[in-house]
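Just so we're on the same page: letters track the sequence lines, and every chain starts at 1. Just so it is clear, the values below take in all heavy atoms, side chains as well, and ignore hydrogens, waters and symmetry mates. Keep in mind the model is a prediction, meaning the values are calculated, not measured.
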Amino acid sequence: MATSMDLFRQLGAGAKFDLRRFKSDAEKFQVIRRTGKQLPQQDIIKALDIFGNSKRSSDETKENSKKKQKVSVGERSGTDNQDNLKGPGRPEKIKAIRKRNRIHVQGEDIPDPVETFEELQEEYGLHDDIIQNIMRVGYAAPTPIQMQAIPVLLHRRELLACAPTGSGKTAAFLLPILHQLKGPQKKGFRAVVVSPTRELSQQTYRELMRLSEGSGLRIHTIEHGAKAAQKFGPHTAQKFDILVTTPNRLVYLLQQDPPAIKLNHVEWLIIDESDKLFEEGKTGFRDQLGIIYQACDSSQVRRAMFSATFAYDVEQWCRLNLDNVVTVSIGARNTANDRIEQELIFVGSESGKLLAVRNLFSKGFTPPVLVFVQSKERAKELFQELIYDGYNVDVIHADKTQTQRDNIVKGFRAGKIWVLIATELMGRGIDFKGVNLVINYDFPTSAVSYIHRIGRTGRAGLKGRAVTFFTEDDAVHLRSIANVMRNAGCPVPDYMLQIRKLSKRKKKLVEKNPVRRDTIRTLPKDELRKAKRKT
DNA sequence: AAAAAAG
């Protein structure tokens with residue numbers, strides 16, 4: 001176990017996040033397609049064999065890849081049939097659809113995109129109840145990521161997908177899973193969705209419940225490790241179909257002796273916010289993900305990765321370890337959602353931030369507003385400041401109990417909380433309807449973090465606004481965020497783009513050691529300390 | 001720095 005874990009970790013080591021690669025994005029796609037950087041089949045087998053000391057025997061692996069080759073041949077003839085049906089000119093039409101929707105694809109024998117849900121029904125026989133659920137929840141037409149990713153997954157192809165914040169990624173993986181699992185079975189879980197926070201897991205779970213109505217599928221989350229062990233253990237009737245969870249809870253169940261959950265019948269492993277879950281290091285998610293990956297040891301298992309940001313090491317990993325992977329990205333990679341109006345405000349100092357935020361609020365604002373800070377401590381401090389200002393403000397971070405967290409999210413969704421102060425906990429995936437302002441009270445430590453944070457606004461085609469405070473101390477990060485803004489068409493002063501670029505080494509260092517900031521405080525020191533203890 | 005299991 002330990003050896004394969006180490007290997008899992010090593011796979012991406014040495015591959016660094018390289019911003020230059022994203023700059024000339026269009027060119028890059030073409031270069032890769034022309035030179036066909038696809039790995040030869042032998043290398044894929046070798047790469048798969050890295051996990052040879054796990055339960056999957058190398059014989060099985062070989063047999064598996066033979067089977068997979070057959071599948072892809074079948075798919076090719078399937079596409080030809082489509083061509084015959086639609087007549088000549090079909091490839092041009094497909095190209096045009098992709099171009100119009102900014103869909104970029106890489107890989108072999110990629111299924112055609114579909115522009116309507118009806119087409120999905122006609123060509124793939126998407127179940128009536130799913131179509132009904134789609135209509136009931138109010139999806140009119142597939143978003144670009146759904147147009148391309150859903151057919152790919154319906155063909156049971158492994159996928160790496162990248163699409164802007166708020167552009168419908170969740171439904172893009174939920175719908176094909178629902179279609180393929182059909183109805184309930186008693187094998188144990190057949191699909192697992194992993195996401196980095198409990199709040200995101202809950203949200204995905206709720207969405208899945210809405211979309212699966214009438215299917216009879218049994219969908220679960222892990223709410224309490226010990227209770228879940230009772231529920232899912234080997235001596236139960238295994239009447240479960242889909243599991244939505246954060247990684248560590250699942251790892252906990254897997255590592256019980258005997259394991260309190262079996263994943264040997266999992267047909268779909270979905271890694272949401274994949275770049276986050278691939279994060280390495282003592283405190284990263286990567287080891288946990290490795291354990292889950294290995295536990296899904298069926299020869300039938302298919303995996304799909306989704307995120308709004310694209311990490312080079314995740315791509316490399318997918319090329320090596322997934323079977324004939326398809327890559328789909330919408331628009332240029334690692335760009336902000338372009339429905340968000342972005343703004344940078346120089347505030348001078350910490351006290352300048354308090355003034356600026358009060359000034360912003362005093363001008364009048366439309367709730368709900370989301371305010372991001374850099375640490376739990378600072379979240380508590382800012383809350384102590386704003387609580388007296390007369391708005392309905394609350395604060396969320398991982399020091400709160402789960403019940404508190406649930407209630408705060410509920411309150412914010414219900415409009416009872418106008419201003420929610422949050423750590424990075426709320427940074428990814430969370431879909432609060434109609435957040436029209438995100439304030440980065442503390443400057444995010446990376447462009448990736450910035451893209452996700454501001455992506456809490458401007459969702460599902462709505463407009464959004466993001467305001468980011470910065471002080472002199474934030475100068476090191478200014479350039480990369482200014483770049484993101486400019487790429488999204490937001491005006492940025494030239495001097496920001498001319499700031500000297502950090503070396504890769506230094507950039508990593510700076511990300512790991514965030515700027516030290518003065519306490520947010522107008523109260524006397526000990527009063528603040530007392531107050532913080534209570535929250 | 002933050003997040004992720006209970007306890």
Span of DNA chain B engaged by chain A, first through last nucleotide within the 4.0 Å heavy-atom cut-off, is B/dA1 to B/dG7

Please table the atom pairs, donor to acceptor, closer than 3.5 Å between any side-chain atom in residues 408-417 of chain A and protein atoms at least two apart or in another chain.
residue: A/Arg413; atom: NH1; partner: A/Asp431; partner atom: O; Å: 2.8
residue: A/Arg413; atom: NH2; partner: A/Gln203; partner atom: OE1; Å: 3.3

Between A/Glu315 and A/Arg319, does any side-chain N to carboxylate O distance fall below 4.0 Å? yes

Sugar-phosphate, base or nothing in reach of A/Arg378, heavy atoms under 4.0 Å: nothing

What I'd like to find out is whether the side chain of A/Phe443 reaches to under 4.5 Å of the side chain of A/Leu478, using heavy atoms alone. yes

Are a donor atom and an acceptor atom from the side chains of A/His452 and A/Thr309 found within less than 3.5 Å of each other? yes

Is a side-chain N or O of A/Thr423 found less than 3.5 angstrom from the main chain of A/Ser375, in a donor-acceptor match? no

Quiz question: by atom type and distance under 3.5 Å, do the side chains of A/Ser329 and A/Arg333 form a donor-acceptor pair? yes

Can A/Thr403 and A/Asp406 be counted as having a side-chain donor-acceptor contact under 3.5 angstrom? no

Please give me every residue in residues 192-200 of chain A whose heavy atoms get under 4.0 Å of an atom in DNA chain B, ordered by residue number. A/Pro196, A/Arg198

Mind checking if A/Lys276 touches a base, just sugar-phosphate, or nothing, with heavy atoms under 4.0 Å? base

Could you tell me how the ring of A/His220 sits relative to the ring of A/Phe240: parallel (under 30°), tilted (30 to 60°) or perpendicular (over 60°)? perpendicular

